[in-house]
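Below, read A as the first sequence line, B as the second, and so on, with proteins coming before strands; counting in each chain starts at 1.
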Protein chains: 2
Amino acid sequence: MLLSKSCIYGLRASLYLASQKSEGYTPIRKMSEDLEISFHFLTKIMQQLTADELLESFKGPNGGVRLKKSGDEITFMDIVMAIDGPALFTECALGLPGCGVEKPCPFHEQWAETRDNIKEMMEGTTINELAIKGKEENLRLTAKGGFEKFLQLE
Amino acid sequence: MLLSKSCIYGLRASLYLASQKSEGYTPIRKMSEDLEISFHFLTKIMQQLTADELLESFKGPNGGVRLKKSGDEITFMDIVMAIDGPALFTECALGLPGCGVEKPCPFHEQWAETRDNIKEMMEGTTINELAIKGKEENLRLTAKGGFEKFLQLE
DNA sequence: GTAATTTAAGATTAAATACTCTTAATTATT
DNA sequence: AATAATTAAGAGTATTTAATCTTAAATTAC
Ligand code: SF4
Ligand code: SF4
């Protein structure tokens, strides 16, 4: 699996937030219900993204989380880095320690290229881009439901 | 992590076998020592590859495992499929069930392209190719050691 | 045919990841 | 001030993956 479950949930929640029209905070409870993700688990992930300055949170009634900056300025990579960290891009595909420092392994050429592909894709994709596409085409963000389910009445 | 530990060990062992000159069987014990992989764990992985007809084994003294066909006919993908299965290529990057069957998720375009890149890379790379390169340039197959360590006197 | 060598197979343990539960802290509403 | 709503934080449990240990089966060599 390329991304951890935590990371996947973080991405889905980020797209959810990017698709919200209002400037207000969205409660994690609501997100967890809409996205069919365990509330407490999602809370922890939101905390990570908040600690990483990608989201901002507010406690108490009318509280919740929201994007800290515009969804155009948050890339797929930002979320992946905040949750899974850089391991995917620094670690050897053969599990050997210290890639690039010591002698490479025979797989390096192929892996470096693949890795760069993944990197470019993630860095070149913003969550807004994905959210807009999701809204326009009513793509799905849970097992069954499309974006329409999450859109606030505008 | 793209590949499981089992898969990584399977790949390293396959390159090891492909780099052996002789036609004989190589004991798993020796491989496990040279490659610094737990003997029993490696044994299980070799069993998987044997069950998948990529290797053949022989019990008793002078026994061990060897490639069942030429290393030119065994691709990186063959090993990955035998050990990790097709999940990487069939599963949704966002963890949603039933990719392609139901409505896609907003990430699909990017993911499908990345996935195809990985697929082509794995299908287009044989273990012989990697083994030859490893031998010629004495690349590493363990944390420290290069291929030279494993080459039989010829 | 007995002992030594080796893979096969299954049971067990350890570690990492995923998920849940409980309590505390903050804020708004009344 | 009291209550309710909400995130924060930490402890605890469950599941999956990784690794180890034990026993059985096959084969060779003596
Ligand atoms: S140089 Fe080789 S060992 Fe290092 S990450 Fe690249 S492929 Fe892996
Ligand atoms: S179609 Fe969407 S949901 Fe399915 S695998 Fe592709 S990206 Fe994932």
Side-chain angles (χ1 to χ4, degrees), chain A residues 1-13 16-17 24-68 80 82-85 87-88 91 94-95, chain B residues 1-13 16-17 24-68 80 82-85 87-88 91 94-95:
Chain A
M1 202 167 29
L2 191 69
L3 303 171
S4 70
K5 279 291 187 74
S6 295
C7 191
I8 285 173
Y9 295 159
L11 282 164
R12 279 164 54 189
Y16 181 108
L17 289 172
Y25 293 98
T26 304
I28 299 174
R29 172 72 66 184
K30 176 158 182 2
M31 278 199 281
S32 76
E33 285 163 2
D34 287 349
L35 293 172
E36 294 163 24
I37 299 172
S38 144
F39 168 65
H40 292 290
F41 196 32
L42 184 58
T43 296
K44 293 218 170 304
I45 296 163
M46 295 299 94
Q47 281 172 27
Q48 286 184 266
L49 296 181
T50 302
D52 216 56
E53 310 268 293
L54 294 170
L55 305 182
E56 56 193 350
S57 66
F58 196 79
K59 288 176 185 169
N62 310 319
V65 293
R66 69 181 176 200
L67 300 184
K68 189 155 186 179
V80 172
I83 298 174
D84 279 353
L88 184 61
E91 277 179 4
L94 284 190
Chain B
M1 201 167 28
L2 191 72
L3 304 171
S4 71
K5 279 290 189 77
S6 295
C7 191
I8 285 172
Y9 294 160
L11 283 164
R12 278 165 54 190
Y16 181 108
L17 289 171
Y25 293 97
T26 304
I28 299 174
R29 172 72 65 184
K30 177 161 183 357
M31 277 199 281
S32 76
E33 284 163 4
D34 286 349
L35 292 173
E36 293 161 25
I37 300 171
S38 141
F39 168 66
H40 289 107
F41 196 31
L42 185 57
T43 295
K44 293 216 172 306
I45 297 163
M46 296 299 94
Q47 279 172 28
Q48 285 183 267
L49 296 180
T50 302
D52 215 58
E53 310 267 294
L54 294 170
L55 304 183
E56 57 192 351
S57 66
F58 196 79
K59 288 176 187 169
N62 309 319
V65 294
R66 68 181 176 200
L67 300 183
K68 189 157 185 177
V80 172
I83 299 175
D84 278 352
L88 184 61
E91 276 180 5
L94 285 189

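Across B/E33, B/M31, B/Q47, B/R12, a single residue satisfies side chain to side chain contact (heavy atoms under 4.5 Å, CB included) together with B/L42, and that is B/M31.
Contact annotation: side chain of B/H40 to base of C/dT7, donor-acceptor pair absent below 3.5 Å.
The two residues A/M46 and A/A13 have their closest heavy-atom pair at CE-CB, 3.5 Å. The minimum heavy-atom distance linking B/S32 with B/S38 is given by the pair CB-C, 4.3 Å. Minimum heavy-atom separation, A/D84 to A/C7: OD2-CB, 3.4 Å. The minimum heavy-atom distance linking B/L88 with A/L2 is given by the pair CD1-N, 4.5 Å. Scanning both residues, B/E56 and B/Y25, for their nearest heavy atoms gives O-CE2, 3.8 Å.
Rounding to whole angstrom units, CD of residue A/E56 and C1' of D/dA8 are separated by 16 Å. In this structure, the CG atom of B/D52 is 14 Å from the P atom of C/dA8, given to the nearest Å. Put simply, OH on B/Y25 is 11 Å from P on C/dA8, counting in whole angstrom units. Note: CD (B/Q47) to P (D/dT20) measures 16 Å, nearest angstrom. Across the protein-nucleic acid pair, A/I45 atom CD1 and D/dT7 atom C1' stand 15 Å apart, rounded to whole Å. Atom-to-atom, CG of A/L55 to P of D/dA8 comes out at 10 Å; the value is rounded to the nearest Å. As rounded to whole Å, 12 Å separates atom C1' of C/dC19 from atom CD1 of A/I37. Protein atom CG of B/L42 is 16 Å distant from nucleotide atom C1' of D/dC21, rounded to whole Å.
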Sub-3.5 Å pairs of nitrogen or oxygen atoms, protein against nucleotides 15-19 of chain D:
residue : atom : partner : partner atom : Å
D/dA18  : OP1  : B/K5    : N            : 3.0
D/dA19  : OP1  : B/Y9    : OH           : 3.4
D/dA19  : OP2  : B/Y9    : OH           : 3.4

Expected rows: protein N/O vs nucleotides 28-30 of chain C N/O, under 3.5 Å:
residue : atom : partner : partner atom : Å
C/dA28  : O3'  : A/N62   : ND2          : 3.4

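Between the CG atom in B/L35 and the CD1 atom in B/I28 there is a gap of 11.5 Å [rounded to 0.5 Å].
Note: B/F41 and B/Y9 have perpendicular aromatic rings, judged against thresholds of 30 and 60 degrees for the angle between ring planes.
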*Could you give me the CA-CA distance, side-chain angles and deciding distance for A/L3 and A/L11, then say whether side chain to side chain contact (heavy atoms under 4.5 Å, CB included) is met?*
CA-CA 10 Å; A/L3 303 171; A/L11 282 164; 3.7 Å; yes

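A close approach under 4.0 Å does not occur between any side-chain nitrogen or oxygen of B/S57 and OP1 or OP2 of C/dT6.
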